[in-house]
Every structure is written in structure tokens, then in C-alpha cells.
Amino acid sequence: MGTKRALQQVDPLCLPVGHRVGPWRVKAWRGCGSYGTLYCVEHVGLESEGEFALKLAISPGDERFAREAELLSRISSPHVPRFREHGAWEHPAGAFPYVVMEWVEGETLYEWASRRNPTSRQVLRLLAQVAQALEATHATGGVHRDVKGGNVMVRSGDGRAFLTDFGAGHYRGAATLTSKMLPPGTPNYRSPEAWAFASTFSGHPTAHYRPSACDDLFALGVMAYYLATDEYPPLTQPGERGAEVWRQGGPGARPPRELNPKVNPQLEALILRLLAVAPAERFGGRAREAAQELERAAQREGPDADALLFRWSDEHRPRFRSPGTARLAAERDAAAREPHALGELKARVRAWADHEQARPWGLLPVWGAAAAVSLLLAGLTVAVRSSGDDAAQSAAAAEARHGGRVALGDSASTAPAEPQAAPRTETKKRAVTVPLPSQPFPGQSKAPCKRTGEVEIHGGCWHELARVKPPCKEKGKEEAFEWKGACYGPTYPPGRPPTSSPP
């Protein structure tokens, strides 16, 4: 009786840490959607298997969970979380269904893009991965029906994209759970043909639009357009501003390069193909073909595909990125990549060693390979760290070159010229030479420099770090910048703290 009363106090919207849902123990609350709450969980007694994602219904008896579990169980793709279990959590208010799947530690695609300054090549590769997830979904006779940036996760450890949240999905033979003419989904991503159907059959009591692979590909195009331009294409719903471009025979969305000239031409062409007004022009509804074209472009495009898509500034406007935010993201990425990459390599080494030991003559080679394996692991550690350093250094150089942070409201014309990525510097210590900024940091002492030991450079006051020699940017030298073969640090007025720290 006491247990039942205690359960009545537990809300599926916010289960406490340590609470059990079947054999699953809650480790953390991770978010809430329109009909489900997401938790990070572990299996009681099998904690060594790691963390999993558990989506719990917020209403008892929700039939969508069974359909989502069935669809997920049919899909096999490296870009869709692996299905683990489907069950029901017994509660005095009823049975609340849940779905358990692979846990993806990372951030949504739009969050990932807003915290970094991606290139066209990076966007092409991520879009190709989402298209591969759609290919696997369509191969089972299913459709996702809610493709958008918020339903794509980018894993922190390796940057892999995962298409998630199949709660609005459907598959051939599944029961229809809604009587509405248009199925569940997000209006910004609906295809023109879906709205055309609704307009044609408005008032019809039994008309129900059945989305196809072409609808999913159109939504992928909307997502791609936003990634490349920081803006959505016009809404497709009739009556909305700009919706006339989606009429049959209409021109469709404005080319992305008109909004952002830094978009690679091939990326633009593929985005416009995904957003074609006529469904058949969207790769004929074949997600596999879309994935191949996107990946082929990522591999074959020239250096212009590696140009940063957005300008550096702290202004909160479309097509601008904050150097400080990008630098922090690069450092977090590097920290996440190292254990992930090492873990994968160690697993492969263990599998290889087990295979070799199973062979009659294999034990000796395994012993002999131990040193080589250790060297390989050490080499990978350095490589992973170096790749993270390169990204962080580029963002740091950008922040330094535009003179720290730009106040909100500054116009584009007052922002310094866009910096290019800092050249890669390879040293055994992973040091990097960061040039002295072209203008003072906010709050830094400015010329004339009157204090003893101060030197005027680029209008700011600096002091030479006599004990520090180039390369200046190493651990313990975070505020050192190189100038004419020596390392310098900024000076600030006595008693007045700087308003912005150097990168």
C-alpha cells in the first residue's frame, strides 16, 4: 500500500535519479517532448554495458511507443540509435510505455552548428550521414516524418550524426493513430505536396495524406538550407508570406549563395535539388542516391569547400559566429574525441588479440605486438589532441584578430575584416605561434605607454616576457603572443580589470 502511494507521488515527466523503470535505473533527466520524456539510464546488474536512452510516455497507454519501437527495431544503420527494449512502466495511473535505445552523447545539429564555424565540406558530410539514416529507414518501408535539426544528434566523441526521435514515424502496415488530414510533423519542414493535398481535399471527411520518402528528403533540404544560411526557406503553407514560390511550376527557394556567398556551389546545387518543388526531382525519392551525391561532393570538392561559412563576430545575427564560443567548442570536442578514439582502438586491438590467440601459433605474435600496440595508442593520442588544437587555434586567432569581443548591436561595417584560419603549426610540443593582435584588447592600456617596461605595438601597451621564448602559446603561456621573435603579454591600467580576456 505504501509503495502504491509512493508511486502516485512520482511524475513520469520528472523521475528522480535512482528511480527504476523496469530493469532500468535513472541516471539523469535529459529532456521532454510533446509526448515523451528522455532519461539517461543504466541496466540494473549490467552497469558495465554503459548508458542508454529511455523515452518514457507522459500519458498511459500511448500507442505511438509500440509503433516507434517496431520501426526502430527494423532499422540497421550506424546513423540511427540501436533499439534495445520496449516495455511498460506500471503506475497507479496506468501503464506508461517506454522505449530504450543507444545513448548518443552530444548536441543537436543546430546547436552544433551555432557553436562552431563549419565549412561546406563538413555540412556535406553530416547531411550525407542523415541521408544514410533515411535510406535505412525507407528500406524497411518506413518514413520518419519529422526530419529537422532538433532531431539530429552530433556525437561528441567522433562527430557522427544520428537521426533520432522516430515517434512521428510510420511504416507500411502500421495502424493510423490520428484522424487529422496531415500526419504529425513540424510545419516549417512540410513538403509543398502535403499542403497541396490539404488544400485540394479540405473538408473531405476521410482524406488522409500519406507521406513518402520525398517528404523526408524535402525536410532534409530545409535542414540543409538552414545549416548553410542560418535562415529557413519560405514556408510552404499556402497563405504564408513567400509561399507562392512553392506552387506547381514555381521557382522554389532562393539559392543559398544569394544569402551566403561562402556556400560551396555544389552544396547549393544539392540543397536546391532536395528542395525541388516537384517531388520526383528530389533524387526520385531515393535517399541512397542523395547520400551518395552528398558524400561524393564532400570527397571531391576543392579547397573552396573548406572555407568557413560564416563571419567572425559576437553579434547575434545570421551568418555570424563567435570566436570565443567556437574555441570552447573545439576544446570540448578534442577532450571528447580522445577517450572515444582510444576506446575504439583498444576494442579493435582486443578483438585482434583474441583472434590471434585462438590460433595455435598466435600467442607469440601477440606478445611481440604489445610494444607496437602501445606505440599505436600513443600516436593516436597525439593525433587526436593535435586535431583538436588546430580547430581551437583557428578560433583563437580569429578572436585575437578582431580584437576580442564585439559588443551587441555593432554593425557589420564596424566589425574587422574576416580572419582566415590560422596556418597549421606542427611541433613536438603541440605549441602554436599566435601573432600579436592587430588592435588592443578591450580594457588594455593604450598608447602613449608610460609605465616602465611597456612597449607600444599596434596602438596598445605590451610587456616583453623575457623568460618566454617562441613558440609563445603553450601551457602556462596562455597570454603570450609573438612579435618580432619575442613573446609579449598585454598590460592593463593598474586597479582596473580587463573587460575581455585574451583568447
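Bear in mind the structure is a predicted one, so any value in this text is a computation, not a measurement. Side chains included, hydrogens not; waters and symmetry mates left out as well; all remaining heavy atoms used.
Atom CG of Leu267 and atom CG of Leu227 lie 9.0 Å apart (nearest 0.5 Å). The distance from the CZ atom of Phe197 to the CZ atom of Arg210 is 9.0 Å, given to the nearest 0.5 Å. With rounding to the nearest 0.5 Å, the separation of OG in Ser114 from CZ in Phe320 is 15.5 Å. A distance of 12.0 Å separates CZ of Arg190 from CG of Leu235, quoted to the nearest 0.5 Å. Interatomic distance, CG of Asn188 versus CD of Gln237, reported as 10.0 Å (0.5 Å rounding). Rounding to the nearest 0.5 Å places OG of Ser322 at 8.0 Å from CH2 of Trp312.
Between Asp333 and Arg115 there is no salt bridge, since no side-chain nitrogen of the basic residue lies less than 4.0 Å from a carboxylate oxygen of the acidic one. Electrostatic pairing of Glu244 and Arg247 does not count as a salt bridge here, judged by no charged N lying under 4.0 Å from a carboxylate O. Taking the charged nitrogens against the carboxylate oxygens, Glu107 and Arg332 have no contact shorter than 4.0 Å, which rules out a salt bridge.
A cation-pi geometry, defined here as NZ or CZ lying under 6.0 Å from the six-membered ring centre and within 45° of its normal, holds between Arg273 and Phe283.
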Test side chain to side chain contact (heavy atoms under 4.5 Å, CB included) on Arg125 and Glu295 and set out the steps. CA-CA 6 Å; Arg125 288 204 166 111; Glu295 183 58 37; 4.1 Å; yes
Does the salt bridge (Lys or Arg N to Asp or Glu O under 4.0 Å) test come out yes or no for Arg319 and Asp230, once each step is laid out? CA-CA 6 Å; Arg319 295 174 289 283; Asp230 271 357; over 6 Å; no
Check the pair Arg82 / Phe52 against side chain to side chain contact (heavy atoms under 4.5 Å, CB included), numbers first and verdict last. CA-CA 10 Å; Arg82 292 188 301 274; Phe52 292 84; over 6 Å; no
Under the side chain to side chain contact (heavy atoms under 4.5 Å, CB included) criterion, do His144 and Asn151 qualify, and how do the steps go? CA-CA 10 Å; His144 187 279; Asn151 284 340; 4.1 Å; yes
Apply side chain to side chain contact (heavy atoms under 4.5 Å, CB included) to the pair Val143 and Thr137, showing each step before the final yes or no. CA-CA 6 Å; Val143 284; Thr137 303; 5.7 Å; no
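Looking at Leu127 and Met223, their side chains come closer than 4.5 Å, going by heavy atoms from C-beta outward. For the pair Asp216 and Pro211, the minimum side-chain heavy-atom distance is 4.5 Å or more. Two residues are said to be in side-chain contact when any heavy atoms from C-beta on lie closer than 4.5 Å; Phe166 and Val99 fail this criterion. The shortest side-chain heavy-atom distance between Val152 and Gln129 does not fall under the 4.5 Å cut-off. Residues Val147 and Tyr189 form no side-chain contact, since every pair of their non-hydrogen atoms from C-beta on lies 4.5 Å or further apart. In this structure, the side chains of Ser120 and Glu301 stay at 4.5 Å or more apart for every pair of heavy atoms. Between Arg282 and Ser191 the shortest side-chain heavy-atom distance falls below 4.5 Å. For the pair Glu68 and Leu72, the minimum side-chain heavy-atom distance is below 4.5 Å.
No side-chain donor-acceptor contact under 3.5 Å links Arg172 to the backbone of Thr140. With hydrogens and angles disregarded, no donor-acceptor distance shorter than 3.5 Å links the side chain of Arg155 to the backbone of Gly106. Although no hydrogens or angles enter the test, the distance criterion places a donor-acceptor pair under 3.5 Å between the side chain of Arg321 and the main chain of Ala113. With hydrogens and angles ignored, the 3.5 Å screen pairs a side-chain donor or acceptor of Arg116 with a backbone N or O of Trp112.
Between Leu275 and Trp246, the closest heavy-atom pair is O-CZ3, 3.3 Å. The minimum heavy-atom distance between Thr108 and Gly149, with the atom names listed, is CB-O, 3.8 Å. For the pair Ala447 and Cys461, the tightest heavy-atom approach, listed with the atom from each and the gap, is N-SG, 4.0 Å. Nearest heavy-atom pair, Met101 versus Pro81, reported as atom, atom and distance to 0.1 Å: CG-CB, 4.1 Å. Between Arg67 and Gly169, the shortest heavy-atom distance links the atoms NE-O, 3.1 Å. In plain terms, the two heavy atoms of Gly157 and Arg337 that are nearest each other are O-CG, 2.9 Å.
The disulfide (SG to SG under 2.5 Å) check on Cys214 picks up nothing, with sequence neighbours excluded. Applying the side-chain hydrogen bond (donor to acceptor under 3.5 Å, both in side chains) criterion to Arg257, with sequence neighbours excluded, gives no partner residue. Contacts of Ala287 classified as side-chain contact (heavy atoms from CB on, under 4.5 Å), with partners at least two apart in sequence or in another chain: Leu134, Glu135, His138, Leu217.
Note on ring orientation: taking the six-membered ring where Trp is involved, the planes of Tyr110 and Tyr226 are tilted (angle from 30° to 60°).
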